[in-house]
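Worksheet for the structure shown next.
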Amino acid sequence: MEYAAIRHFADKRYCYAIGKGHFLIRLEMKKGDGARVVLHTQNKYLPIEYLDTRQESPMKLVCSDNYLDYYETDIYIDTVCLRYFFEIEDRQGNVVYYGNHAFYEACIREIGRMFDCPQTLREEERFGLPAWAENKVIYQIFPSRFATDQEVAKEDWYQAPIGHRADLKGSLRGIINHFDHIKNLGVDILYMTPIFCSDSSHKYNIHDYYRIDPSFGDKEDLKELVKLAHQSGMYVILDGVFNHTGIDFFAFRDIREKGRQSAYLDWYYIEDFPLVMEMGKRPNYKTFSYAAYMPKLNLGNPETADFVIDVARYWIQECDIDGWRLDVGDEIGHSFWKRFRAGVKAVKKDALIVGEVWHYAGDFLEGDEWDSVMNYPFYDAAVDLIAREEISLSAFVGNLNFVKGNLHTGLEGYLWNFIDTHDTARFLHSAGGDMGKQRLAAAMQLLLPGMPMIYYGDEVGMEGGPDPDCRRGMLWEESRQKLECLDYYRRLIQIRHGYPALTKGAVIRQETDDHRGIWYLERKWEKCHVVLIFHVKRGSVSLAEFSGGWRELIRDRDFDGRLHDYETVVLTETRAENDSVGADGNGAETLPDSAVCAARDGMTGSIKEK
């Protein structure tokens with residue numbers, strides 16, 4: 001047993017309240033080291049001679065990444081302060097006791113050698129996440145390229161490759177006019193990249209945060225779009241570019257004009273004058289990357305911070321938007337984000353706050369800053385496994401489990417899982433145009449817990465290289481669309497909505513087989529059981545135990561036990577009489593949310609090959 005790998009801190013990462021008197025406690029150890037872990041607890045202030053409050057709770061191995069196992073247990077307590085320690089048995093039968101960052105051969109008796117958990121403090125740190133957002137499906141739009149309400153020549157709209165300066169005249173009115181496409185896809189949330197005044201196609205260099213760019217429309221258009229979405233049971237998220245501004249933003253313009261005499265010097269990080277703004281030279285002020293036209297705001301300055309928070313509050317109050325996605329969020333300090341959260345939640349308690357970070361971001365997700373994050377670890381793992389074929393299936397699952405094992409358990413249904421965005425090459429491009437790989441990636445994105453984010457056009461098989469080519473005009477002509485792909489996306493979203501066990505269910509059984517490329521997941525939620533199997537390789541595999549008596553939901557057929565190239569199946573054992581596809585109030589096809597999910601209980605053993 002490797003003691004150096006055993007890790008626990010008595011803080012809100014490893015010991016936290018998930019309800020009143022309901023606590024989750026977590027322990028990490030080297031992968032494969034442990035055979036049994038038990039949590040020992042007792043009341044700190046009541047001596048056992050007076051009242052024996054000692055209890056033992058077995059801990060469950062909930063997931064493993066590529067190096068560590070994560071054990072958890074949840075307990076109910078009613079005390080002022082809890083003391084606890086761990087009993088750990090390895091695979092050779094050796095037992096050690098771990099308390100207050102020290103190891104002991106004998107069971108710990110002294111209260112001072114145990115970890116400490118003050119109940120009230122931990123309960124006051126409880127996560128508050130917007131219930132409406134959990135496991136919802138997002139549709140991302142790049143407004144300048146999605147749809148227009150003007151006449152644009154086909155050769156301009158469908159130009160490929162495309163550059164930054166191409167003007168396709170995309171607009172909010174264009175989105176409104178094509179809203180039925182979004183609605184019929186079955187998504188729950190519309191997220192738009194920036195829409196405020198800017199002289200670029202991407203609008204990440206904003207000049208006026210209180211005005212929608214005239215090329216997109218005006219405030220009334222945004223109000224109409226938000227109202228349309230809300231009437232359809234959907235939500236709207238805007239992109240908050242608060243790390244930096246454009247050079248024509250009033251404060252930076254004042255600095256350009258007045259130099260050291262400007263009243264706004266503290267709004268930015270100016271190193272010297274005159275300002276170095278020429279292309280190809282390093283700016284002498286902080287910027288996004290080294291882009292001189294995107295000067296970085298100093299949000300440690302209270303006046304600047306107040307301005308940004310007022311902007312965020314204004315658009316919620318004025319247009320009833322449902323939250324913000326925060327551009328370059330990890331380059332802004334924690335103290336600001338704490339203020340930002342308090343300000344935004346004061347005007348809309350259940351507003352969703354999501355940060356853009358291209359790596360693990362646990363320090364922003366402790367309940368007092370953001371609600372969620374763009375899940376780049378999912379994107380990286382999906383591209384490496386499916387598109388590039390550079391990692392094994394077990395490594396892919398391990399990468400996902402690193403995030404799961406280190407974040408608050410309540411966050412799993414809120415992570416934005418995507419396979420491409422406006423900042424990356426289209427997945428289909430990364431996969432060499434292989435639609436089988438695209439379907440597999442979409443299935444992983446849409447059938448696992450989290451908030452899957454579909455980048456506009458993926459559902460019709462859009463292609464495009466790295467930024468800016470990933471921002472082509474949306475394919476509106478059916479002759480240009482891959483209609484089978486569109487049907488596939490719709491069906492996956494139907495199943496996701498109709499079978500909550502896929503996203504909410506406890507994992508009853510999970511296996512990976514790198515040789516055959518099979519990832520097997522069985523989940524249960526209330527009376528609903530589903531079996532989810534991903535095949536991540538070319539060729540066919542046969543699974544003997546599923547060769548009869550199973551219904552495959554994606555293709556709505558009896559399952560013969562065979563999976564083909566990059567195929568995904570969602571299985572239920574029997575097809576209930578009421579398992580029929582209907583239409584919901586949004587015009588999208590739906591699946592029943594009932595006992596149709598019943599599959600056989602107590603499945604054991606490994607997946608067998610015919």
Side-chain angles (χ1 to χ4, degrees), residues 1-65 68-91 93-127 362 365-368 401 404-412 506:
M1 189 186 309
E2 190 167 325
Y3 288 5
I6 296 174
R7 189 175 179 89
H8 175 85
F9 290 92
D11 61 16
K12 60 183 178 181
R13 296 172 298 162
Y14 292 84
C15 174
Y16 52 83
I18 52 179
K20 178 68 174 177
H22 190 191
F23 278 65
L24 185 141
I25 296 179
R26 175 181 285 162
L27 178 78
E28 301 171 7
M29 60 187 304
K30 182 180 176 181
K31 187 174 182 177
D33 260 9
R36 181 178 62 93
V37 181
V38 177
L39 175 72
H40 292 256
T41 61
Q42 68 184 73
N43 191 301
K44 176 180 180 179
Y45 294 116
L46 292 178
I48 59 174
E49 295 82 8
Y50 175 75
L51 181 65
D52 192 348
T53 58
R54 292 176 295 183
Q55 292 187 345
E56 298 180 8
S57 303
M59 300 188 72
K60 180 182 178 182
L61 175 59
V62 294
C63 67
S64 303
D65 64 23
L68 296 173
D69 288 332
Y70 298 88
Y71 287 85
E72 292 178 355
T73 189
D74 60 307
I75 57 175
Y76 290 87
I77 61 175
D78 182 11
T79 184
V80 174
C81 193
L82 186 76
R83 285 296 174 108
Y84 60 95
F85 62 94
F86 303 93
E87 177 185 348
I88 307 168
E89 181 179 348
D90 67 16
R91 296 183 182 275
N94 303 308
V95 176
V96 67
Y97 299 87
Y98 182 54
N100 200 21
H101 307 290
F103 296 93
Y104 302 91
E105 294 182 356
C107 188
I108 300 173
R109 303 297 181 191
E110 295 181 29
I111 205 84
R113 294 182 175 181
M114 302 178 188
F115 290 104
D116 184 86
C117 172
Q119 180 172 345
T120 301
L121 169 63
R122 293 288 173 250
E123 289 178 344
E124 290 175 348
E125 294 173 335
R126 281 175 58 190
F127 264 57
L365 298 171
E366 296 186 350
D368 54 357
N401 283 344
K404 179 178 180 178
N406 280 279
L407 291 182
H408 189 290
T409 187
L411 285 165
E412 186 177 23

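This structure is a prediction, so every number in the text was calculated from the model and none was measured.
- A salt bridge is defined here as a Lys NZ or Arg NE, NH1 or NH2 lying under 4.0 Å from an Asp or Glu carboxylate O, and Arg126 with Glu123 fails to meet this definition.
- Distance CD/Glu87 to CD/Glu56: 6.5 Å, rounded to 0.5 Å.
- Formation of a donor-acceptor pair under 3.5 Å by the His408 side chain with backbone atoms of Glu366 is not found in this model.
- Residues Phe127 and Leu411 meet the side-chain proximity criterion, which asks for heavy atoms closer than 4.5 Å.
- Side-chain atoms of Asn100 and Ile108, non-hydrogen and from C-beta on, never get closer than 4.5 Å to each other.
- Residues Leu68 and Arg7 fail the side-chain proximity criterion, which asks for heavy atoms closer than 4.5 Å.
- Residue Tyr70 comes nearest to Asn406 through the heavy atom pair OH-ND2, 3.0 Å, listed as atom of the first residue, atom of the second, then distance.
- The shortest heavy-atom contact between Phe85 and Gly99 is CB-CA, 4.0 Å.
- In this structure, the side chain of Thr73 does not engage the main chain of Ser57 through any donor-acceptor pair within 3.5 Å.
- Nearest heavy-atom pair, Met1 versus Val96, reported as atom, atom and distance to 0.1 Å: SD-CG1, 3.5 Å.
- Smallest separation of non-hydrogen atoms from Ala35 and Tyr71: N-OH, 4.5 Å.
- Side chains of Ile48 and Arg109 form no contact here, defined as non-hydrogen atoms less than 4.5 Å apart.
- Inter-residue side-chain proximity for Tyr45 and Thr79 is flagged as unmet; no heavy-atom pair is nearer than 4.5 Å.
- Rounding to the nearest 0.5 Å places OG1 of Thr409 at 9.0 Å from CG of Asp74.
- In this structure a side-chain-to-backbone donor-acceptor pair under 3.5 Å is missing from Lys44 to Val80.
- Taking the side chain as every heavy atom from C-beta outward, Ile6 and Phe103 approach each other to under 4.5 Å.
- Looking at every heavy atom in both residues, Leu27 comes nearest to Met59 through N-CE, 4.1 Å.
- Rounded to the nearest 0.5 Å, atoms OH (Tyr104) and OH (Tyr98) are 10.5 Å apart.
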CA sep, side-chain torsions, deciding dist, call: Ile75, Leu39, side-chain contact (heavy atoms from CB on, under 4.5 Å): CA-CA 10 Å; Ile75 57 175; Leu39 175 72; 4.2 Å; yes
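- Contact check for Val62 versus Lys404: no side-chain heavy atoms found under the 4.5 Å cut-off.
- One finds the CZ atom of Phe115 at 6.0 Å from the CZ atom of Phe86 (value rounded to the nearest 0.5 Å).
- Going from atom CD1 of Ile77 over to atom CD of Gln119 covers 4.0 Å, rounded to the nearest 0.5 Å.
- When each of Gln55, His40, His8 is checked for a side chain to side chain donor-acceptor pair (under 3.5 Å) with Tyr84, only His8 meets the rule.
- Using modelled atom types, one side-chain atom of Arg91 and one backbone atom of Gly32 make a donor-acceptor pair closer than 3.5 Å.
- Rounding to the nearest 0.5 Å gives a distance of 12.5 Å between CG of Asp33 and CD of Glu89.
- In terms of heavy atoms, Tyr16 sits closest to Leu407 at OH-O, 4.4 Å.
- Here Asp69 does not pair with Lys30 in a salt bridge; the nearest charged N to carboxylate O distance is not below 4.0 Å.
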